[in-house]
Protein chains: 2
Amino acid sequence: MELEEAKAKFIQAWGTLGSSWGINRTMSQIHALLIVSVDPLTTEEIMDQLKISRGNANMNVRALMDWGLITKELVPGERKEYFQAGKDIWQVARQIAKERKRREVEPILEVLDQVKEVKGTGAEVDEFNRMMGELEDFTGKADTTLDKFIRSDENWFYKTLLTLMK
Amino acid sequence: MELEEAKAKFIQAWGTLGSSWGINRTMSQIHALLIVSVDPLTTEEIMDQLKISRGNANMNVRALMDWGLITKELVPGERKEYFQAGKDIWQVARQIAKERKRREVEPILEVLDQVKEVKGTGAEVDEFNRMMGELEDFTGKADTTLDKFIRSDENWFYKTLLTLMK
DNA sequence: TTAAACTTTCAAATATTTCTGAAAATAAAT
DNA sequence: ATTTATTTTCAGAAATATTTGAAAGTTTAA
């Protein structure tokens, strides 16, 4: 397979994966494009390569910066802004875990906390409280594990995986 | 908080969580509704409680059955179908992990396999191959870990978490 | 200054996803 | 066989999400 074909295939697949995880397609594609680019790219180059408008490129590049997945590189003597993706895949995974935890796990923990201990008696109430308790327990454990992963270095995680897989 | 208010809050929160993970809101809400219902519900009851149409209810109940998250219960002497959610939260998590692995992790592994070993030389090609290699390594590890989790019993996972959290 | 290069914004257009409701299909009872 | 109960389907409607592109904003250079 030729390089250009392989790149296109990867960008396309990454975009699809992103959208099935609630991340918009273009954002994932820009990320993929920057991951496979040796040098940083300008907004113009991103627009050209992905055939998208300036507004779209700008908006998604900013979203990627918010997620901490790409950085703005200032090339001396150049006015244009260049963008570069973090290339360490473990760091990328940790960064994504961090953002999703903050945006999604934490809100559900808050709700579970709020609905805990419903007034009244009866099977319905008992069942509800038991279920919410289990869910909070589970979600809390997931949260703690994510924290550990987010703080970990690659080596720690690798060792842990070896343990898990033994 | 009253039971009905708490249920509504949970159903709403679960729906929102679902949609940020690429699962449609109604599907998540039906799942939540069945999780907090002591007894199985009919399509009619689901429609009433969530204020949704028959078509919508039917389609999402089937999707939940495809995911293995709810089952059809046949009540003797009744013609209507009743639906019930699995109440063991670890089992629910394992089932979701299983489906998402099949639908999302496996396709990306296939693509990574396809784009591996691009022809040609130069920094671009080397960088691309290195990056795809890292990604495949990472994704493969995630895949293996998911497998382990899917096959695990609650007790195994609980013990592992304790180890991770020590 | 003024002009040129570049970035950001946002209202409207487009695309995608989800939902409705009535009709068709199926299954059970009479 | 006919009626009644229930489920499924699916075309069109509605709701959401994404994208465009042109205008406004900003920064740097001359």
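The chains referred to below are lettered A, B, ... by the order of the sequence lines, with proteins before strands, and numbering in each begins at 1. For clarity, every value in this text was computed on a predicted model and none was experimentally measured.
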Rounded distance in Å - [atom1] ([X]) to [atom2] ([N]):
X: A:M47; N: C:dC6; atom1: CE; atom2: C1'; value: 12 Å
X: B:E78; N: C:dA27; atom1: CD; atom2: P; value: 19 Å
X: A:I46; N: C:dT8; atom1: CD1; atom2: C1'; value: 15 Å
X: A:R79; N: C:dA4; atom1: CZ; atom2: P; value: 12 Å
X: B:K51; N: D:dA14; atom1: NZ; atom2: C1'; value: 19 Å
X: B:I52; N: C:dT20; atom1: CD1; atom2: P; value: 7 Å
X: A:K80; N: D:dT27; atom1: NZ; atom2: P; value: 18 Å
X: A:I23; N: D:dA17; atom1: CD1; atom2: P; value: 15 Å

* Would you indicate, yes or no, if D:dT19 has its OP1 or OP2 atom less than 4.0 angstrom from a side-chain nitrogen or oxygen of A:T26? =>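 Affirmative; the distance criterion is met.
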* Asked: Would you say a side-chain N or O of B:N58 is under 4.0 Å from OP1 or OP2 of D:dC10?
  ->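 So the side-chain polar atoms of B:N58 never come under 4.0 Å of the phosphate oxygens OP1 or OP2 of D:dC10.
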* Can you figure out which of D:dT28, C:dT18, D:dT6 approaches the side chain of B:N24 most closely? =>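 Given the options D:dT28, C:dT18, D:dT6, the side chain of B:N24 is closest to C:dT18.
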* Asked: Taking the side chain of A:K72 as its heavy atoms from C-beta onward, which of C:dT8, D:dT8, D:dA5 lies nearest to it?
  ->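 Out of C:dT8, D:dT8, D:dA5, the nucleotide with an atom closest to A:K72's side chain is C:dT8.
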[X] with [Y]: basic N within carboxylate O range, under 4.0 Å:
X: B:E5; Y: B:K9; answer: no
X: A:K141; Y: A:E136; answer: no
X: A:R130; Y: A:E134; answer: yes

Would you mind classifying the nucleic acid contact of [X] as base, sugar-phosphate or nothing, using non-hydrogen atoms under 4.0 angstrom?
X: A:E81; result: sugar-phosphate
X: A:N56; result: base
X: A:R54; result: base

* Asked: Which of parallel (below 30°), tilted (30 to 60°) and perpendicular (above 60°) describes A:F10 and B:F128?
  ->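 Plane angle over 60°, so perpendicular.
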* Contact nearer the 5' end of DNA chain C, comparing B:G77 with B:G22 ->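 Whichever sits nearer the 5' end wins; that is B:G22.
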* Asked: Taking the nucleotide of DNA chain C with the closest heavy atom to each, which residue, B:N60 or A:M59, is nearer the 5' end?
  ->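 By nearest-heavy-atom nucleotide position, the 5'-most residue is A:M59.
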* Asked: Is there a donor on the side chain of A:R62 or the base of C:dT8 sitting less than 3.5 Å from an acceptor on the other?
  ->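 Between C:dT8 and A:R62, which were checked side chain against base, a qualifying N/O pair under 3.5 Å is absent.
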* Test: A:R100 cationic atom under 6.0 Å from B:W21 six-membered ring centre, within 45° of axis ->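 The answer is yes, since A:R100 meets both limits relative to B:W21.
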